[in-house]
Amino acid sequence: MFTGIITAIGQVERITDRGDRVLRIGCAWDCDAIDIGASIACSGICLTVVERGDNWFDVAASAETMAVTTLAEWQVGHRINLERALRVGDELGGHIVSGHVDGVAELVSLTPHGDSHQLWIKAPRSLARFVAPKGSVALDGVSLTVNAVEGALFSVNIIDHTWQVTCLGALQPGIKINMEIDMLARYVARLAESGTYDK
């Protein structure tokens, strides 16, 4: 589990296809301290560490992961948001994020507002019903609050700090973004669909 609070920016240093796709991610962490088998959210995608060195770690991605996320488009030099898995006792600063990307959204527009930026995002049709004003959403692994919803479109505001310390500051209209809906919204919708409630 994760919180959607980004703690480092990584960069793809090498890509190897050998059954699964293996990516080498360089970052400023002391990667020797990362356990083999640890989970790391890479731009919102929960990936397993299969090897590591001083300032890099390798993760493996299956064909399924590449099919439902933006990972298949990553090239050497691509920058990604990083977050280590949540540990018991850690501060929960964002919201509960699983790292299981639900779909790929598209940035429609980006408008500066003072020191912040307003983004309008188009959600995949299958996910739009899970997005609600003042609800939470994770975009490329970043925990954000939904401001407004218009059909499949929704807006979020990015403060300057988040703009500077994540990869969101490099976004341009038309770019694809990994999207994970709020876990609570998923279960509430499931209960509503089943029509079964405890009384």
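Side chains are part of it too, since the values below use all heavy atoms of this structure and drop only hydrogens, waters and symmetry mates.
Each of Val68 and Ile181 belongs to its own hydrophobic cluster when Ile, Leu, Val, Met, Phe, Trp and Tyr are linked at side-chain heavy-atom distances under 4.5 angstrom. Linking Ile, Leu, Val, Met, Phe, Trp and Tyr residues whenever their side-chain heavy atoms come within less than 4.5 Å places Leu127 and Val146 in a single cluster. Hydrophobic clustering (ILVMFWY, side-chain heavy atoms < 4.5 Å, transitive): Val156 and Val149 are in one cluster.
Asn178 places a side-chain N or O within donor-acceptor distance of the main-chain N or O of Ser43, the cut-off being under 3.5 Å. Side-chain atoms of Ser98 do not come within 3.5 Å of backbone N or O of Met1 as any donor-acceptor pair. Without hydrogens or angle criteria, Asn55 side chain to Trp29 main chain gives a donor-acceptor distance under 3.5 Å. In terms of modelled atom types and a separation under 3.5 Å, the side chain of Glu180 and the main chain of Val97 share no donor-acceptor contact.
Applying side-chain hydrogen bond (donor to acceptor under 3.5 Å, both in side chains) to Asn157 and the options Thr111, Asn147, Thr162 leaves one that passes, Asn147.
Contact check for Thr70 versus Ile177: no side-chain heavy atoms found under the 4.5 Å cut-off.
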Show your working on side chain to side chain contact (heavy atoms under 4.5 Å, CB included) between Leu71 and Arg21 and close with a plain yes or no.
CA-CA 10 Å; Leu71 188 146; Arg21 174 162 292 183; 4.2 Å; yes

For Asp115 and Ile159: C-alpha separation, side-chain torsions, deciding distance, then whether side chain to side chain contact (heavy atoms under 4.5 Å, CB included) applies.
CA-CA 7 Å; Asp115 292 331; Ile159 64 171; over 6 Å; no

Could you walk me through whether Val49 and Asp35 satisfy the side chain to side chain contact (heavy atoms under 4.5 Å, CB included) test, starting with their C-alpha distance in whole Å, then the side-chain angles of each, then the deciding distance to 0.1 Å, before giving a yes or no?
CA-CA 8 Å; Val49 175; Asp35 292 334; over 6 Å; no

